[in-house]
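Below, chains carry the letters A, B, ... as their sequence lines are ordered, and counting in each starts from 1. When reading the values below, keep in mind they use all heavy atoms of this one structure, side chains included, and skip hydrogens, waters and symmetry mates.
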Protein chains: 2
Amino acid sequence: MEEGTSKSPGYCLDTEDYDVLQWDVREGCEVRQILDRIADKWSLLVIALLDRRTLRFTELRRAIDGISQRMLSVTLRQLERDGLVLRTVHPVVPPRVDYALTPLGSTLHATIQALVDWTEGSQHEIAAARAEYDRRRAEEAVLDEAN
Amino acid sequence: MEEGTSKSPGYCLDTEDYDVLQWDVREGCEVRQILDRIADKWSLLVIALLDRRTLRFTELRRAIDGISQRMLSVTLRQLERDGLVLRTVHPVVPPRVDYALTPLGSTLHATIQALVDWTEGSQHEIAAARAEYDRRRAEEAVLDEAN
DNA sequence: CGGAATCCAGGCAGATACTG
DNA sequence: CAGTATCTGCCTGGATTCCG
């Protein structure tokens, strides 16, 4: 298995005197693990597409520009394992396999959409912040040059 | 700069006959880029901690079990560049630097919290799905063994 | 068509050492 | 204390090949 069970629960928060952050401390980083998965490079795209309708492997592949068959395969298997995607094999030749969102997967998509909306709404503000930051750094670089 | 401006807007969705997925097609993958950043290994933890109160570099380092000073530094710089975190240097010896969430950062935290809540609420269902999946795979492996 | 297996490069992140 | 710089190892993910 390529990643499967991640070895390190390494990035749990230390409680120390920061008493809460309940979700991360208590669940043995289960939450982080799941978060990492759904936030990975391709999962979101797959879920977004499947939320529109059931798709076949090749349809997904063509719809997601830049994904390799390997990564699509890996991504789909993970999503299937997590119970977010349902895989249906039709016993015909040539083989036909359909992928659909489970009810759980649908609720995830709804939640994710909120995050996407935030990103959409904030992107200009972020772009401005980046430009400003870069401008200042360039400015400082010039000053360093001068001495 | 280590990662800075990512080279490939590679993973945009192909419109083809899947007409919408507005957010990803239209913005030149700006959304994906931002999403990747906030969903990375450490950003969420930093944001969650700073949402509770302003913290110094070393406080963050100690609070986040397993993070290297390098990754904390990189993460903070990115968040600062994106306008999500405010960095304040106090001109004293020994140096003191405070990190705080900007208003934009706070709104992000609120949004993220919804996702965390979903994960918390779904984690048992996911764990069950995984167990079931693994059980079936093991079953099939035994059958393969038999022939 | 829908994958699994193998091979391999490039980038990401850890360890260490050094600065202001 | 709060970082930066360099070096290196490892893992992720792409390309290719093969199978049912």
For [X] and [Y], work out which heavy atoms get closest and say how close.
{"X": "Ile47(A)", "Y": "Leu101(A)", "value": "O-CD2, 3.8 Å"}
{"X": "Arg61(B)", "Y": "Ile67(B)", "value": "NH1-O, 3.1 Å"}
{"X": "Ser122(A)", "Y": "Leu104(B)", "value": "OG-CD1, 3.7 Å"}

Check: For Arg135(A), does the CZ atom have more than 12 heavy-atom neighbours from other residues, nucleotides or ligands under 6.0 Å away?
Finding: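 Atom CZ in Arg135(A) is crowded, with more than 12 foreign heavy atoms closer than 6.0 Å.
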- Helix axis bend for the helix from dC1(C)-dG20(D) to dG20(C)-dC1(D) - C1'-based end axes, five pairs, 10° rounding: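 Angle reported: 40°, given to the nearest ten degrees.
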Take the protein atom [atom1] of [X] and the nucleotide atom [atom2] of [N], then report the distance between them rounded to whole Å.
{"X": "Glu59(B)", "N": "dC1(D)", "atom1": "CD", "atom2": "C1'", "result": "12 Å"}
{"X": "Arg77(B)", "N": "dA2(D)", "atom1": "CZ", "atom2": "P", "result": "16 Å"}
{"X": "Gln78(B)", "N": "dT4(D)", "atom1": "CD", "atom2": "P", "result": "12 Å"}
{"X": "Glu140(B)", "N": "dA4(C)", "atom1": "CD", "atom2": "P", "result": "11 Å"}
{"X": "Leu72(B)", "N": "dT4(D)", "atom1": "CG", "atom2": "C1'", "result": "14 Å"}
{"X": "Leu55(A)", "N": "dG2(C)", "atom1": "CG", "atom2": "C1'", "result": "15 Å"}
{"X": "Leu76(A)", "N": "dG3(C)", "atom1": "CG", "atom2": "P", "result": "7 Å"}
{"X": "Ile64(A)", "N": "dG2(C)", "atom1": "CD1", "atom2": "P", "result": "14 Å"}

Once base and sugar-phosphate atoms are separated, protein heavy atoms under 4.0 Å mark nucleotides 14-20 of chain C, 5' to 3', with B, S and - as BBBB--B
* Those residues that, when tested against Glu125(A), pass side chain to side chain donor-acceptor pair (under 3.5 Å) (two or more places apart) ->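 In terms of side chain to side chain donor-acceptor pair (under 3.5 Å), with neighbours along the sequence ignored, Glu125(A) is linked to no residue.
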Practice item. Just jot down the side chain to side chain donor-acceptor pair (under 3.5 Å) partners of Arg130(B), sequence neighbours excluded, or say none. Key: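 With sequence neighbours excluded, Arg130(B) shows a side chain to side chain donor-acceptor pair (under 3.5 Å) to Gln33(A), Asp82(A), given in chain and number order.
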Ignoring backbone atoms, establish whether [X] has a side-chain N or O less than 4.0 Å from OP1 or OP2 of [N].
{"X": "Arg87(A)", "N": "dG2(C)", "answer": "no"}
{"X": "Ser73(B)", "N": "dA2(D)", "answer": "no"}
{"X": "Tyr99(A)", "N": "dC1(C)", "answer": "no"}

Tell me, do Thr119(A) and Leu108(B) make a side-chain contact under 4.5 Å, heavy atoms counted?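 SC-SC contact between Thr119(A) and Leu108(B) ruled out.
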### Query
So what does Arg56(A) hit on the nucleic acid, given a heavy-atom distance under 4.0 Å: a base, only sugar-phosphate, or nothing?
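Arg56(A): backbone/sugar contact only, no base atoms under 4.0 Å.
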| request: Could you tell me which residues satisfy side-chain contact (heavy atoms from CB on, under 4.5 Å) with Ser43(B), sequence neighbours excluded, listed by chain and number? | output: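 With neighbours one apart ignored, the set is Asp40(B), Thr75(B), Leu79(B).
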Would you mind writing out the side-chain donor-acceptor pairs for residues 87-99 of chain A within the sub-3.5 Å range, not counting sequence neighbours?
{"residue": "Arg87(A)", "atom": "NE", "partner": "Tyr99(A)", "partner atom": "OH", "Å": "3.2"}
{"residue": "His90(A)", "atom": "ND1", "partner": "Arg96(A)", "partner atom": "O", "Å": "3.3"}

